[in-house]
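Single-structure report; data block below.
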Amino acid sequence: MSSLSDLINLNLCDYTDKVIAEYIWVGGSGKDVRSKARTISEYVSDPSKLPKWNYDGSSTGQAPGEDSEVILSPQAIFRDPFRRGNNILVICDSYTPAGEPIPTNKRHAAAKIFSHPDVVAEEPWYGIEQEYTLLQKDVKWPVGWPIGGFPGPQGPYYCSAGADKTFGRDIVDAHYKACLYAGVNISGINGEVMPGQWEFQVGPSVGISAADELWVARYILERITEIAGVVLSFDPKPIPGDWNGAGAHTNYSTKSMRKEGGYEVIKKAIEKLGLRHKEHIAAYGEGNERRLTGRHETADINTFLWGVANRGASIRVGRDTEKSGKGYFEDRRPASNMDPYTVTSMIAETTILWKP
């Protein structure tokens with residue numbers, strides 16, 4: 001008699017050419033991921049060869065009940081670490097039946113910016129540091145914390161080891177390997193300053209692929225925490241008080257920044273970002289004002305400042321970049337729940353296309 005795990009882990013490749021494609025899209029809140037599966041006749045590696053599909057937008061907050069059909073357009077394909085074999089995960093964006101992008105489709109606008117010839121020529125690279133918090137399912141309190149109580153003060157937990165300091169490593173390592181299997185350019189993980197909080201990094205990836213990879217990495221993490229019976233939170237300040245918040249620091253460079261003399265290009269780009277600080281903050285995530293207080297390794301939300309090796313700045317430039325005169329910088333303002341399509345494309349638009 002087969003067990004449930006036996007059936008879940010069936011490798012279909014020996015028995016059929018058919019493939020299960022999990023279509024993934026961003027829901028109506030702009031922070032949630034939705035998905036559903038369909039069978040396709042054979043393995044496909046080019047998203048343009050996958051069929052468009054539809055879903056009930058009235059159930060995701062993306063369409064009225066009397067006209068609820070929303071069209072899914074496949075945009076990027078990844079290997080499925082859950083079903084394995086030739087099965088795939090498909091990142092999609094959403095359109096009306098008439099072909100217009102729906103308001104929550106941030107990918108469409110980002111693709112326009114990233115396809116602009118001036119942006120293409122600069123080959124923008126992104127490395128996104130996604131922080132998140134693991135919560136106990138029934139009480140929505142961080143894993144490892146005493147229910148209704150608090151652990152010891154911050155200090156021992158960052159990049160820690162040990163049962164009294166590190167909580168949720170099995171989930172984190174499972175996610176790390178699953179992302180590598182899927183083809184996500186995940187570059188590392190670490191325990192964060194607040195216990196029960198972790199970070200993974202995606203990149204360096206070029207243009208819109210960084211955002212596609214971050215969304216599929218978020219989806220994979222949602223699925224793994226589902227299996228583990230743990231709740232995943234991208235709230236930028238999950239616990240009030242003297243605890244670090246959660247961000248999505250976005251590291252960025254262009255071809256001009258990576259060349260000799262790039263430090264001057266970096267400084268001009270940072271100047272532009274400062275001039276549009278309010279516009280960027282407005283697009284950098286919900287609830288970010290609870291995180292950007294000027295404490296806990298943040299700059300105040302109303303203040304723009306940059307510095308070398310300064311984690312209390314809006315923009316941090318690394319010592320290596322200053323020393324070599326070229327490289328990248330880190331925008332520390334984005335919240336953990338930001339939309340990577342919006343953030344990455346906005347940084348490119350401001351620093352490459354915008355003329356002050």
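- Using the six-membered ring where Trp is involved, Y132 and H175 have ring planes that are perpendicular, over 60° apart on the 30 and 60° scheme.
- For the ring-ring contact (aromatic ring centres under 6.0 Å, His included) criterion with H108, the lone passing option out of F114, Y95, Y341 is Y95.
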Does the pair E264 and K267 meet the rule for a salt bridge (charged side-chain N to carboxylate O under 4.0 Å, His left out), with working shown?
-> CA-CA 5 Å; E264 291 304 312; K267 288 192 284 187; 3.0 Å; yes
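- Here the side chain of E122 pairs a donor or acceptor atom with the backbone of S256 at under 3.5 angstrom.
- In this structure a side-chain-to-backbone donor-acceptor pair under 3.5 Å is missing from N288 to G285.
- With sequence neighbours excluded, no residue satisfies salt bridge (Lys or Arg N to Asp or Glu O under 4.0 Å) with R291.
- No side-chain donor-acceptor contact under 3.5 Å links R107 to the backbone of I208.
- Judged by the 6.0 Å and 45° rule, R223 forms a cation-pi pair with F82.
- Side-chain contact, Q75 with D93: a donor N or O sits under 3.5 Å from an acceptor N or O.
- A side-chain contact (heavy atoms from CB on, under 4.5 Å) with T250 is found for exactly one of M346, Q130, M338, namely M338.
- With a 4.5 Å cut-off on side-chain heavy atoms, F167 and P142 do not count as touching.
- For W53 and W25, the ring centers sit 6.0 Å or farther from each other.
- You'll find the ring centres of F150 and W141 inside the 6.0 Å limit.
- Proximity of a side-chain donor or acceptor of T350 to a complementary backbone N or O of I347 within less than 3.5 Å is not detected.
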